[in-house]
Amino acid sequence: MEDVDGNRYLDFTAGIAVVATGHSHPKVVEAIRRQAARFIHMSGTDFYYPAQVKLAETMARITPGKGPKRTFFSNSGAEASANRRTTSS
């Protein structure tokens, strides 16, 4: 990063939902542009999305074990924890 006085800094302070690719990395910006042209907001708990179903099927296929498998998508760790408590009873 560079400030208004021309001082250059390395940004080692990634925040929530930030990956270590640097500020406005061209590949990340392009991926965001492509995705924004398709969906800006996606909530798999509200609507049917074929890509999410395909992901769940793929996860079930590649997860080790012979028994039945289930996939649960949530919006947060809190929802995942609540579901774990509910379904493990």
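Bear in mind that the values here come from a model prediction, so they are computed numbers and not experimental data.
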| From OG1 (Thr63) to CZ (Arg70), nearest 0.5 Å | 14.0 Å
| Distance (rounded to the nearest 0.5 Å) between Lys69 NZ and Met59 CE | 11.0 Å
| said: Suppose we screen for side chain to side chain donor-acceptor pair (under 3.5 Å). Which residues come up paired with Asp3, at least two apart in sequence or across chains? | reply: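 Partners of Asp3 by the side chain to side chain donor-acceptor pair (under 3.5 Å) criterion, ordered by chain and then number, come out as Asn7, Tyr9.
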| Does Ala56 have any side-chain contact (heavy atoms from CB on, under 4.5 Å) partners at least two apart in sequence or in another chain, and if so, which? | Thr71, Phe73
